[in-house]
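Encoded as C-alpha cells, the structure appears first; notes follow it.
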2 protein chains.
Amino acid sequence: MSDKKLVKIDRTDRRILEELQHHGELTNQQLSERVGLSPSPCSRRVRALEDAGIILRRVTVLDHKQLGLSLTAIILIGMDRHTPERFGAFESRVATYPEVQECYLITGQDADYMLKVVVPDMDHYHAFLLNKITRIQGVSGVHSSFVLRRVIDSTALPLGYL
Amino acid sequence: MSDKKLVKIDRTDRRILEELQHHGELTNQQLSERVGLSPSPCSRRVRALEDAGIILRRVTVLDHKQLGLSLTAIILIGMDRHTPERFGAFESRVATYPEVQECYLITGQDADYMLKVVVPDMDHYHAFLLNKITRIQGVSGVHSSFVLRRVIDSTALPLGYL
DNA sequence: CAGGCGGCGCAATGTGCTTGCTTTTTTGCA
DNA sequence: TGCAAAAAAGCAAGCACATTGCGCCGCCTG
C-alpha cells in the first residue's frame with residue numbers, strides 16, 4: 001500500500017473532518033476557529049489527514065437541474081453468468097460511460113449491479129440503455145427506477161461511530 | 001427563486017466545471033492554466049458560476065474504510081399507504097439519520113424509496129434497521145443489498161450533453 | 001463603418017497559507 | 001504523585017495566492 005503515515009483520530013480531527021465533509025470551501029482560518037484551534041496546527045492536521053489518505057479528494061458539486069440533466073435513474077442489472085470475465089468486461093465498459101455516477105457490485109439474487117445514471121431526459125435514457133447497457137455482453141436483466149425526489153443526496157460519512 | 005443571475009455556459013465554463021468536478025482542491029491559477037485562461041477571468045467565471053447556483057457546494061470526500069465504516073448497504077423500502085403524511089413523516093425521520101448518505105423517492109411497484117447507508121459492520125446495520133428504519137410508521141417492505149465492490153463512486157455530472 | 005458592450009490580461013493590493021521557533025500541555029514512568 | 005520527555009499549540013515573519021481596478025481588444029449592432 002501507499003498510505004504513508006497513520007493518524008490516530010482524536011476529537012479535534014473528528015471535528016475537522018465533520019466540517020470539511022460539508023464545507024469544503026472553508027479557508028483554513030475559518031476552519032480553525034470552528035474547531036477551536038489556531039490556524040497553524042489546524043493546517044498541519046489537515047495535511048496529515050490528506051497524507052494518511054483519510055481525506056481522499058475535494059470535489060465540486062454541480063446543480064444537475066440547471067445543467068439540463070433532469071433525469072436520474074436507478075438501474076438494477078443482472079448478469080447471465082457469474083464469471084470474473086463477465087464482471088470484468090462489464091465494469092470496464094461501464095467505467096467509460098460519463099452518465100454513470102455510481103456503479104456497485106451488490107449482493108442479492110435479483111441483481112448483480114446497481115447503477116445511478118444521470119441524463120437529460122427519457123429520450124436520452126432510452127438511448128443510453130439501448131446503445132450502452134444492453135450492448136454489454138452478459139447483461140440479462142435490467143430494471144429501471146427513476147428519481148422523483150432527492151430527500152438526501154450527500155457524500156458525508158457518519159463520524160459518530162469513531 | 002433566489003438564483004440571482006443566469007450564465008450562458010460556453011466552452012470555457014464547461015472546461016472549468018469539468019476540472020472542478022473532479023479536482024476541487026485546485027488553486028485558481030492552477031485551474032486557469034488548465035483551461036487556458038489567465039487567473040483573473042478564471043476567478044470571475046468561477047464566482048459567476050457560484051452566484052448562478054450552478055456550482056452548488058464544495059465537499060471533502062473521506063475514506064470510509066480507514067474510518068472503520070466498512071459496510072455500505074442499498075435498501076429498497078416500500079410504504080403501506082401512499083399518502084403525503086406517510087411520506088413526509090418518513091422523510092423527516094430519515095433526514096436525521098447520519099448513516100443515510102442518499103435517500104430518493106423513486107418510481108416502481110417494488111419500492112418507494114432507495115437508501116444508501118454506511119455503517120461499521122453487520123451488527124450496526126442490524127441495529128440501524130431495527131431501531132431506525134422499521135420503527136418509522138408506514139414502512140411495510142424492506143429489501144437490503146450490500147456493496148461488494150465500488151466500481152464507480154463519483155459526484156461528477158456528464159457535461160457532454162451541453 | 002462607427003459606437004458600445006463584454007471579456008481578457010496586466011499590475012497592485014490585500015488576504016490567507018506556510019514554516020521555524022518558543023511555549024504549553026500531555027503522557028509515561030518511577 | 002511528581003518529574004522528564006515528547007508532542008502539540010501558538011506566534012510571527014515570509015511568501016504565495018486571490019482579488020480588484022483599469023486599459024485594451026474583439027465582436028456585435030445599428
Side-chain angles (χ1 to χ4, degrees), chain A residues 2-63 66-68 159-162, chain B residues 2-63 66-68 155-156 159-162:
Chain A
S2 61
D3 291 335
K4 300 148 196 172
K5 196 180 174 183
L6 61 136
V7 179
K8 69 168 184 91
I9 294 150
D10 61 7
R11 212 164 294 111
T12 307
D13 289 320
R14 200 175 149 280
R15 291 178 67 181
I16 289 175
L17 294 175
E18 194 70 69
E19 288 293 332
L20 285 183
Q21 273 199 131
H22 300 283
H23 302 290
E25 78 283 357
L26 287 178
T27 65
N28 181 57
Q29 56 185 27
Q30 287 175 324
L31 176 64
S32 67
E33 62 189 36
R34 287 199 186 197
V35 303
L37 232 59
S38 62
S40 13
C42 185
S43 171
R44 279 187 262 255
R45 276 173 183 264
V46 170
R47 204 185 27 206
L49 291 167
E50 288 170 343
D51 292 345
I54 293 171
I55 291 180
L56 277 181
R57 59 184 186 277
R58 317 288 191 108
V59 300
T60 304
V61 181
L62 309 181
D63 186 340
Q66 284 207 48
L67 292 170
L159 301 183
Y161 291 106
L162 304 186
Chain B
S2 61
D3 290 335
K4 300 149 194 171
K5 196 179 175 183
L6 61 137
V7 179
K8 70 169 185 90
I9 294 149
D10 61 7
R11 211 162 296 112
T12 307
D13 289 320
R14 201 174 148 281
R15 291 178 67 181
I16 288 175
L17 294 174
E18 195 71 70
E19 289 294 332
L20 285 183
Q21 273 200 132
H22 301 283
H23 303 290
E25 78 282 356
L26 257 52
T27 65
N28 181 57
Q29 57 185 24
Q30 286 174 324
L31 176 64
S32 67
E33 61 190 34
R34 286 200 186 195
V35 301
L37 229 60
S38 62
S40 14
C42 185
S43 171
R44 279 188 262 256
R45 277 173 184 264
V46 170
R47 197 162 39 135
L49 290 167
E50 288 170 343
D51 291 344
I54 293 171
I55 290 179
L56 277 180
R57 60 185 186 276
R58 316 288 191 109
V59 300
T60 303
V61 181
L62 309 181
D63 187 340
Q66 284 208 47
L67 293 170
T155 58
L159 302 183
Y161 291 108
L162 305 185

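Order of the sequence lines fixes the chain letters, A, B, ..., with proteins taken first and strands second; residue numbering starts at 1 for each chain.
Taking the side chain as every heavy atom from C-beta outward, A/His22 and B/Arg58 never approach each other to under 4.5 Å. Within the 4.5 Å cutoff, the side chain of A/Val59 has no heavy atoms near those of the B/Glu25 side chain.
The closest side-chain donor-acceptor pair between A/Thr27 and A/Gln30 falls under 3.5 angstrom.
Spacing between atom CZ of A/Arg15 and atom P of D/dA9 amounts to 12 Å, rounded to whole angstrom units. With rounding to whole Å, B/Arg45 atom CZ is found 14 Å from C/dG6 atom P. Across the protein-nucleic acid pair, A/Gln30 atom CD and C/dT15 atom P stand 14 Å apart, rounded to whole Å. Look at CG on A/Asn28: it is 18 Å from P on D/dA16, rounded to the nearest Å. One atom, NZ of A/Lys8, and another, P of C/dT26, lie 12 Å apart when rounded to the nearest Å. The separation between A/Glu25 atom CD and C/dC17 atom P is 13 Å, rounded to whole Å. In this structure, B/Arg58 atom CZ and D/dA18 atom P are separated by 11 Å, rounded to whole Å. What separates CG of B/Leu31 from P of D/dT19 is a distance of 12 Å, to the nearest Å.
No N or O donor and acceptor, one from the side chain of A/Ser38 and one from the base of D/dC11, sit under 3.5 Å apart. Donor-acceptor pairing under 3.5 Å, judged by distance alone, is absent between the side chain of B/Arg44 and the base of C/dG6.
Expressed to the nearest 0.5 Å, how far CD of A/Gln21 lies from CD1 of A/Ile55 amounts to 10.0 Å.
At least one donor-acceptor pair under 3.5 Å links the side chain of A/Arg15 to the backbone N or O of A/Arg34.
Residue contacts for A/Ser43: at a heavy-atom cut-off of 4.0 Å it reaches the sugar-phosphate backbone alone, with no base atom in range. Using a 4.0 Å heavy-atom criterion, one finds that B/Thr27 contacts the sugar-phosphate atoms exclusively.
Comparing D/dG21, D/dG10, C/dC8 by their nearest atom to the side chain of A/Ser40 picks out D/dG10.
OP1 or OP2 of C/dT19 sits under 4.0 Å from a side-chain N or O of A/Arg47.
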